[in-house]
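A short write-up of the structure that comes next.
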Amino acid sequence: MMDCDFLHYPYPSRRTVVMARRGMVAASQPLAAQAGLEMLKKGGNAVDAAVAAAACLTVVEPTGNGIGGDAFALIWHDGRLYGLNASGPAPQNISLEMLIAQGCREMPVFGFAPVTVPGAPAAWAECSRRFGRLPFADLLEPAIGYAAEGFPVSPEVGRSWQAAAEIYRAQLRGEQFKSWFDTFAPGGEAPAAGALWRSPDHARTLREIAATAAASFYRGEIAAQIERFSLDHGGYLRAADLAAFQPAWVEPICARYRGYEIWELPPNGQGLVALIALRILEGFTFESRDGGETCHRQIEAVKLAFAGGLRYITDPDHMAVPAESLLAGAYIAGRRSLVGEAASLPAP
């Protein structure tokens, strides 16, 4: 058994230093962090812990995580950094022209039009296959347990959950959304903080993913159910889209900043934005950490970096400008020259 106890040391600067002897897990919800710690105590490694925590978050923090989401990973293993991009593409039978013909002036926020192939289950299985120590099914046990037996909703999740339900009640109409309300707002109300919430169907889905190392989600019974629901409600996603999906191992990209190497995933990931901002700031000197000029330049650099990301980052097979060029001296120097004394309006 690994000793995963940890201590918190509050400092006057309001920072908290966390120290551990054998390992630690950080997650946005305590039960998910605990799920990761369980894997470490079983003899698993950091990848096992990360997969367990990620799967658990789809249950205990559904306001920010879902089985139908995407996943990205940076993994340091045996002296090398690996990148995984598990973001799924749009369905094969949808197109810009089709949506315009249906009267869409922009991509709808809700419904089937914005749905892409989910990448998260494949990412869990692939990370486990390549780097994990424990059996894949073990990693999903905490998530399955909380979904089947229930857990007390944490305060922040409860607030977000109720706020989302209020928005959805006002905006979501039609049979295709009924199952969302049945699952996440049974009886018409989202669970409040402290309420015990359980989702047996969620547990069944996770058991199937666990038993098949996610194969059922892409080429089995879960894929068939997803296709049936999509067909019944005018969706575009098909079993063929799911079957064709594979997460991609990619080469991370790097920028140097004041003697440090900062690594991110390449497009279509958004990490390039952070690297552009740092490269812009590399050309400035700062007299103080928290001074007005320091904050101003940081804010301006981030604005410019996001504007560049919104303009250029997309499917890597369709990038008009390669990522390397957006980190090169000429582009960065041009962006840096736009940082003046006054705040600029963010680009639309």
Side-chain angles (χ1 to χ4, degrees), residues 8-18 26-28 63-65 69-74 76 81 83 85 87 96 105-109 114 156 159-160 163-164 167 250-348:
H8 285 224
Y9 291 94
Y11 280 80
S13 64
R14 292 183 303 223
R15 292 180 301 161
T16 297
V17 176
V18 182
S28 55
T63 53
N65 305 271
D70 290 328
F72 300 84
L74 284 166
W76 180 263
L81 187 64
N85 183 332
S87 61
L96 178 63
R105 296 177 63 85
E106 58 186 24
M107 181 61 74
V109 175
E156 185 58 38
R159 283 191 290 269
S160 299
I167 293 170
V250 296
E251 287 296 323
I253 56 176
C254 176
R256 293 191 65 83
Y257 180 75
R258 304 184 192 275
Y260 292 92
E261 290 182 348
I262 292 81
W263 293 86
E264 294 279 1
L265 289 173
N268 59 331
Q270 302 293 306
L272 181 58
V273 170
L275 299 186
I276 292 172
L278 289 172
R279 291 279 288 119
I280 293 171
L281 291 170
E282 176 80 3
F284 294 111
T285 57
F286 300 103
E287 294 183 1
S288 65
R289 189 185 71 176
D290 299 319
E293 186 178 58
T294 299
C295 292
H296 166 67
R297 287 174 173 173
Q298 289 173 340
I299 292 168
E300 293 302 297
V302 170
K303 287 181 193 174
L304 291 165
F306 270 112
L310 288 169
R311 180 173 183 178
Y312 295 114
I313 296 175
T314 185
D315 184 322
D317 293 334
H318 299 277
M319 288 272 289
V321 177
E324 295 77 11
S325 296
L326 298 176
L327 295 174
Y331 177 78
I332 296 298
R335 304 307 276 172
R336 189 182 297 130
S337 69
L338 298 176
V339 179
E341 296 301 315
S344 62
L345 290 175

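Fair warning: this is a prediction, and the values are worked out from it, not measured in the lab. Along the sequence shown, the residues carry numbers beginning at 1.
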Using the side-chain contact (heavy atoms from CB on, under 4.5 Å) rule, take Leu272 and Leu265 through it: C-alpha gap first, then chi angles, then the decisive distance, then the call.
CA-CA 7 Å; Leu272 181 58; Leu265 289 173; over 6 Å; no
For His296 and Gly291, indicate whether the former's side chain and the latter's backbone hold a donor-acceptor pair under 3.5 Å.
no
Once you round to the nearest 0.5 Å, how far does CG of Leu304 lie from CZ of Arg336?
11.0 Å
Arg289 atom CZ, over 12 foreign heavy atoms within 6.0 Å
no
Keeping the roles fixed (side chain from Thr294, backbone from Asp290), state whether a donor-acceptor pair exists under 3.5 Å.
no
The test is side-chain contact (heavy atoms from CB on, under 4.5 Å); show your working for Arg297 and Phe286 and say whether it passes.
CA-CA 9 Å; Arg297 287 174 173 173; Phe286 300 103; 4.0 Å; yes
Partner of Ile276 under side chain to side chain contact (heavy atoms under 4.5 Å, CB included), chosen from Leu278, Val273, Ile280:
Ile280
Value rounded to 0.5 Å, distance of CG in Asn85 from CG in Asp70:
8.0 Å
Where do Gly269 and Phe72 come nearest, in terms of heavy atoms and distance?
CA-CE2, 4.1 Å
Begin with the C-alpha distance, continue with both residues' side-chain angles, and end with the deciding distance and a verdict on side-chain contact (heavy atoms from CB on, under 4.5 Å) for Ile253 and Trp263.
CA-CA 6 Å; Ile253 56 176; Trp263 293 86; 5.9 Å; no
Heavy-atom distance under 4.5 Å between the side chains of Leu74 and Pro252, does that happen here?
yes
Quick one: CG on Leu275 to CD on Gln270, what's the gap to the nearest 0.5 Å?
11.5 Å
Which atom of Pro266 lies closest to which atom of Val250, heavy atoms considered
CD-CG2, 3.8 Å
Can you confirm whether the side chains of Asn268 and Thr314 place a donor and an acceptor under 3.5 Å from each other?
no
Here the gap from Ile313 atom CD1 to Leu326 atom CG, rounded to the nearest 0.5 Å, amounts to 7.5 Å
Would you confirm whether Arg256, through its side chain, and Glu261, through its main-chain N or O, come within 3.5 Å as a donor-acceptor pair?
no
When rounded to the nearest 0.5 angstrom, what is the spacing between CD in Glu293 and CD in Gln298?
11.0 Å
Using modelled atom types and a 3.5 Å cut-off, is there a donor and acceptor pairing between side-chain atoms of Lys303 and backbone atoms of Ser344?
yes
With rounding to the nearest 0.5 Å, note down the distance linking OG1 in Thr63 to CZ in Arg159.
11.0 Å
Begin with the C-alpha distance, continue with both residues' side-chain angles, and end with the deciding distance and a verdict on side-chain contact (heavy atoms from CB on, under 4.5 Å) for Tyr331 and Val321.
CA-CA 11 Å; Tyr331 177 78; Val321 177; over 6 Å; no
Does Arg279 reach the main-chain N or O of Ala274 with its side chain, forming a donor-acceptor pair under 3.5 Å?
no
Determine the minimum heavy-atom distance between Pro267 and Ala323, stating which atoms define it.
CD-CB, 3.9 Å
